[in-house]
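Atom set for the values below is all heavy atoms of this structure, side chains included, hydrogens, waters and symmetry mates excluded. One is the number of the first residue; the rest follow in order along the sequence.
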Amino acid sequence: MKMMIFFIVGLIVHVVFFLSIFDIYFTSPLVHGMTPQHVPLAPPAKRLVLFVADGLRADSLFKPDDNGTGRAPYLRSVIEESGTWGVSHTRVPTESRPGHVALIAGFYEDVSAVAKGWKENPVEFDSVFNESRHTWCWGSPDILPMFAKGATGDHVYTYTYPPEREDFASTDASRLDTWVFDEVKDFLNVAKSNETLLNMLHEEQNMFFLHLLGIDTNGHAHRPMSKEYLENIGLVDSGVAEFVSVMDDFYGHDGKTAYIFTSDHGMTNWGSHGAGHPSETLTPLVAWGAGVQTAQREGSHKYDDNYLKEWGLETSMRVDVNQADIAPLMSSLIGVPFPVNSVGVLPLNYLNNSQHFKAESIYANAIQILEQFRVKMAQKKETTISFLFTPYQPLTDSKQMDFMRNARNLIQKGQSDEAIRYCEDLIVQAMEGLSYYHTYDRLFLGSSVVLGFIGWTSYVVLFILKTHASLRKPPTNMHMVTERSLGQMFLCIGLLVALFLMVQSSPWTYYIYCLLPVPVWFSVMREFETLASLVRSVPSLPLSKCFGYFLLVTFGIELLVVSFFYRAMLTLGLVVLALWPMVSGLYTKAKFRSLSWMLSCLFLAVFPLLPVVGREPDVNYVICAGVLTLFNSSSYLWSSWRCSPLIRRDRQLFICQMMQVVLCAYILTSTHSSLQLKQGLPLFNQLVSWLTLVSSFLIPLLSSTRLFHRLLSILMSLVCVYLLLSTGYEALFPPVLSWLMFAWINIEQETMNTQGSSNRTELSSTDFAENIDITKIRQLRLDDIQRSYFFVFFIIIAFFGCGNIASINSFDPASVYCFLTVFNPFIMGGLLMWKVLIPFVIVMCTFESIQVSTQLSSRSLFLVVLVISDLMALHFFFLVKDHGSWLDIGTSISHYVIVMSMTIFLMLLSVMTHILTSKRILIGRKRKMHFR
């Protein structure tokens with residue numbers, strides 16, 4: 001019961017530590033209560049058309065083909081003759097929703113949108129669509145609804161195709177774009193006979209949004225260098241040219257329509273996006289029409305890259321922008337207020353207007369960002385005790401007034417150029433001030449979390465020492481008095497902290513992060529006697545051995561931390577582990593098992609050296625993985641049959657599972673062949689895939705609870721699913737990992753034999769479901785630290801060995817084609833997550849087996865593992881810095897999240913793997929179970 005309470009408390013503490021990183025680094029940047037700002041001059045355009053070619057890379061549009069001709073002749077002519085162009089720089093994550101939010105709302109969305117699948121609005125925000133008089137949208141059902149739901153009133157109208165059309169196995173994904181262009185033309189034709197709609201269309205400050213998803217879908221399905229992707233660009237180009245002609249005819253060539261063509265994100269050569277590779281962050285921007293600067297000749301190149309020459313545009317002036325800058329550009333062109341949450345800076349080089357108009361526009365832009373700064377400062381001032389509040393010195397209240405007054409005076413005096421520079425300086429200061437107040441509590445919260453983290457780790461270490469180092473002593477009266485005094489002292493500390501937070505009107509999450517260290521450190525201080533006993537026993541300890549283990553564990557943890565940044569370090573670690581039998585002397589006593597361990601380590605060491613991304617699908621690897629699984633299974637069955645013959649039921653079950661491996665390898669090859677022929681996903685293949693996934697959780701429960709029999713059944717069930725989710729060499733990873741795991745079990749048993757354990761049992765006769773003789777359960781020893789470290793190392797190998805989550809964009813959508821081809825982020829994400837966890841479960845089950853075979857209680861090694869993983873997480877928490885690029889900060893944060901997720905999964909899966917290994921569905925009789 002005490003251990004169960006410890007487990008629950010530990011789970012809660014780790015969930016809090018896990019969530020804390022999001023409250024500290026990923027809080028929403030949005031504030032509300034600002035006054036909308038607009039330019040007090042007549043706008044140059046009455047309406048604006050926004051084309052967003054989803055997933056279009058800048059080089060794919062601008063770079064001529066092999067014949068020297070442009071892939072988009074109409075847009076090329078606009079660049080060279082009538083418009084302004086450049087590169088729009090996006091931010092991580094390069095996904096559709098945050099990209100569109102940056103384009104249309106002018107700010108970079110926080111990570112909470114991931115949990116919504118990029119569909120719903122996690123927070124309310126303003127947008128150009130919301131500020132417009134009317135907006136008509138055509139395109140994907142995944143993108144358009146969020147702007148309609150976020151708008152005030154009902155002036156945003158959306159027209160979407162059914163979600164089923166977003167099929168990666170479609171014979172022609174470009175039909176998504178054809179649908180958009182056809183629908184818009186039909187809409188304008190209907191408007192000619194609908195007086196109400198016609199009047200609405202002829203009002204000012206209208207917007208048209210065409211979301212073109214075909215390029216992105218073809219890129220995922222066929223790669224950006226494919227004929228389908230490049231031909232889709234040509235189709236979009238001709239569709240844009242035709243639509244511009246239709247619009248001009250509809251409005252009588254009044255010259256009051258502005259056009260902007262861009263993309264939400266790019267795409268890697270291997271057909272994915274989400275990270276910060278230039279192919280993902282560099283997107284095209286082309287603007288033309290009313291109020292837009294016409295084509296200018298480039299006098300001197302101000303960009304260091306070689307893109308202008310590569311794209312054949314050396315003579316055309318290039319104007320790069322940040323993606324969020326496009327929102328204020330659209331607002332300025334049609335004369336609507338800037339979105340109140342926008343952090344975009346108006347790119348004046350895109351405007352074809354007077355300097356006075358540009359000065360008024362950039363002034364409104366500066367005041368709009370300054371309004372956010374003011375609200376942010378007021379909010380922080382209200383929730384901070386006055387004498388503790390530290391304002392942002394470059395923009396105090398008086399300096400804000402001086403900035404505004406001076407900028408307005410310069411505009412009134414006609415000194416527009418000076419006013420523009422002055423306003424640009426004000427924008428820079430306001431942006432830095434926004435960041436200052438957005439991160440104002442970061443140090444305070446981070447310190448509280450670190451304090452709690454150190455306290456928890458200290459408590460677990462003391463708990464291990466107290467439970468397993470014979471340091472437990474009966475409480476004395478003096479101890480009871482001291483504990484009561486400690487309780488009163490920490491209660492007072494907790495009340496003071498709560499009062500401090502209450503005075504500051506802090507959010508409820510602050511109470512959790514700041515109060516958690518109080519009971520944790522109280523628990524640590526209660527174990528003072530344990531620490532004192534440890535100090536007194538130091539002279540009797542083997543200090544050299546303890547110090548050696550300390551150095552090895554420290555080096556090992558550093559190796560694991562570095563491996564998160566450099567996967568090749570895992571190869572180095574495996575090579576070192578391969579030498580373990582030689583160093584420990586096991587090789588001379590168990591040559592075959594030692595040789596198996598060394599070979600499996602060396603074979604597994606190859607995987608971290610292989611490329612994570614950029615691979616072409618190759619089903620031949622999957623077939624090889626199926627053959628290797630069958631070979632491993634047959635070998636273990638033959639070797640175990642020699643020791644203890646299988647009963648008929650188990651033999652039939654293993655034969656069925658081996659046939660299932662063959663079937664899954666066939667299903668995968670058949671599916672990929674069908675998709676290559678553009679025949680879609682066969683229904684039979686889809687049904688078999690889903691049945692295999694469901695049955696993989698149940699079939700192992702039908703097998704014998706003998707150690708190797710149960711592990712083999714689990715392995716084959718998991719490998720079947722993994723084969724269906726594989727596209728290349730990663731299919732070989734579970735069989736090779738399983739080989740090493742079986743070798744680990746055998747060599748740990750051999751270690752027990754060499755240590756002369758009197759209670760050892762043969763592996764062939766070990767049964768997970770047998771009652772445990774408590775008298776045979778041993779205490780922790782120093783060499784158990786090595787077992788715990790091996791486990792953590794293998795867990796990291798399971799995560800990063802074949803690049804499962806080494807990069808945010810390492811996932812290939814083709815991995816889930818056996819299950820579904822229609823875009824569904826939650827189902828696809830769930831399948832890919834299970835693919836990540838399959839090697840994880842294999843290692844967990846092996847660890848459960850080692851605890852059984854080495855006669856150690858389940859909690860003992862787990863507590864040591866908990867300490868190692870917590871030390872790694874704390875290491876990553878300290879690596880997160882406020883300075884540096886957002887990608888660098890995000891990398892350290894993602895590593896912290898991975899380690900914390902791993903720890904939480906360890907705690908949850910420890911129960912799951914116990915069920916998988918020790919439970920069995922029996923017919924006709926019951927078997928006595930015992931949870932260790």
Problem - Under 3.5 Å: donor-acceptor pair, side chain of T384, backbone of K380 - result: yes
Exercise for the section: Could you tell me whether the side chain of Y440 reaches within less than 4.5 Å of the side chain of K376, counting heavy atoms only? Expected result: no
Exercise for the section: Measure from the side-chain N and O atoms of E280 to the backbone N and O of H277, and report whether any donor-acceptor pair falls under 3.5 Å. Expected result: yes
Problem - Any side-chain donor near an acceptor of the partner, N232 and N218, under 3.5 Å - result: yes
Practice task
Evaluate salt bridge (charged side-chain N to carboxylate O under 4.0 Å, His left out) for R421 paired with E418, printing each intermediate quantity in order.
Solution key: CA-CA 5 Å; R421 287 192 293 270; E418 185 67 24; 2.8 Å; yes
Practice task
Measure up the W288 and Y74 rings against each other and bin them: parallel (under 30°), tilted (30 to 60°), perpendicular (over 60°).
Solution key: perpendicular
Problem - Value rounded to 0.5 Å, distance of CD in E166 from CG in L176 - result: 6.5 Å
Problem - Aromatic plane relationship, W179 with Y161 - under 30° parallel, 30 to 60° tilted, over 60° perpendicular - result: perpendicular
Handout entry: Aromatic plane relationship, W136 with H134 - under 30° parallel, 30 to 60° tilted, over 60° perpendicular
Key = tilted
Practice task
Tell me whether the centres of the aromatic rings in H220 and F823 are closer together than 6.0 Å.
Solution key: no
Practice task
Using a cut-off of 6.0 Å, state whether more than 12 heavy atoms not belonging to K381 lie near its atom NZ.
Solution key: no
Practice task
Classify the ring geometry between F129 and F209 as parallel (under 30°), tilted (30 to 60°) or perpendicular (over 60°).
Solution key: tilted
Problem - Min side-chain heavy-atom separation T262-V286 under 4.5 Å - result: no
Problem - Aromatic contact, H438 with F373 (centres under 6.0 Å) - result: no
Completion exercise
Nearest heavy-atom contact between V336 and S132 is CG1-CA, 4.0 Å
Problem - Nearest-0.5 Å distance, CD1 of residue I420 to NE2 of residue H356 - result: 10.5 Å
Problem - Lys NZ or Arg CZ of R47 over F208 ring: under 6.0 Å, within 45° - result: no
Practice task
Measure from the ring center of F107 to the ring center of F125 and say whether it is less than 6.0 Å.
Solution key: yes
Exercise for the section: Indicate whether the side chain of T90 and that of T94 have a donor and an acceptor atom separated by less than 3.5 Å. Expected result: no
Handout entry: Heavy-atom neighbours of H38 NE2 exceed 12 at 6.0 Å
Key = no
Exercise for the section: Test side chain to side chain contact (heavy atoms under 4.5 Å, CB included) on L212 and D54 and set out the steps. Expected result: CA-CA 6 Å; L212 308 168; D54 204 305; over 6 Å; no
Handout entry: Pairwise side-chain contact, R318 with L285, heavy-atom cut-off 4.5 Å (strictly under)
Key = no
Handout entry: Separation of L313 CG from S316 OG (nearest 0.5 Å)
Key = 5.0 Å
Exercise for the section: Would you indicate whether the side-chain heavy atoms of L50 and M330 approach each other to under 4.5 Å? Expected result: yes
Fill in the blank from the handout: The reported gap from CE in M247 to OH in Y251 (rounded to nearest 0.5 angstrom) is 5.0 Å
Exercise for the section: Step by step, work out the side chain to side chain donor-acceptor pair (under 3.5 Å) result for T283 and Q323. Expected result: CA-CA 9 Å; T283 58; Q323 194 172 46; 4.8 Å; no
Problem - Heavy-atom check, side chain of S140 versus side chain of D142, under 4.5 Å - result: yes
Practice task
Kindly check if the number of other-residue, nucleotide or ligand heavy atoms within 6.0 Å of NZ (K63) is above 12?
Solution key: no
Fill in the blank from the handout: Only one of T281, D325, N322, D320 passes side chain to side chain donor-acceptor pair (under 3.5 Å) with H89, and that residue is D320
Problem - Over 12 non-hydrogen atoms of neighbours within 6.0 angstrom of CD in E204 - result: no
Fill in the blank from the handout: OH (Y392) and CG (L434) are apart, to the nearest 0.5 Å, by 9.5 Å
Exercise for the section: Please step through salt bridge (charged side-chain N to carboxylate O under 4.0 Å, His left out) for the pair R57 and D59, ending with a clear verdict. Expected result: CA-CA 6 Å; R57 296 160 42 146; D59 60 342; 2.9 Å; yes
Practice task
Could you label the plane-to-plane angle of the F403 and Y422 rings as parallel, tilted or perpendicular, counting under 30° as parallel and over 60° as perpendicular?
Solution key: tilted
Practice task
Could you tell me whether a side-chain N or O of S127 sits under 3.5 Å from a main-chain N or O of I104, the two making a donor and an acceptor?
Solution key: no
Exercise for the section: From the options I233, L61, V236, select the one residue that forms a side-chain contact (heavy atoms from CB on, under 4.5 Å) with L75. Expected result: L61
Handout entry: Distance flag, aromatic centroids of F62 and W85, threshold under 6.0 Å
Key = yes
Handout entry: side-chain contact (heavy atoms from CB on, under 4.5 Å) partner of M431, the single match among L426, I369, L370
Key = I369
Exercise for the section: Quick one: do R76 and D237 satisfy salt bridge (charged side-chain N to carboxylate O under 4.0 Å, His left out)? Show the steps, please. Expected result: CA-CA 9 Å; R76 186 84 174 189; D237 179 73; over 6 Å; no
Exercise for the section: Look up atom NE2 in H32 and atom CD in Q372, then write down how far apart they are to the nearest 0.5 Å. Expected result: 10.5 Å
Practice task
Would you indicate whether the side-chain heavy atoms of V321 and Y350 approach each other to under 4.5 Å?
Solution key: yes
Handout entry: Worked check of salt bridge (charged side-chain N to carboxylate O under 4.0 Å, His left out) between D402 and R405
Key = CA-CA 5 Å; D402 291 341; R405 183 172 56 254; 2.4 Å; yes
Exercise for the section: Any chance you could lay out the side chain to side chain donor-acceptor pair (under 3.5 Å) test for Q368 and N365, step after step, and finish with the verdict? Expected result: CA-CA 5 Å; Q368 169 259 321; N365 190 186; 3.2 Å; yes
Problem - Parallel, tilted or perpendicular: rings of F389 and Y437 (30°, 60°) - result: parallel
Handout entry: Electrostatic pair R408:E360 at N-O distance under 4.0 angstrom
Key = yes
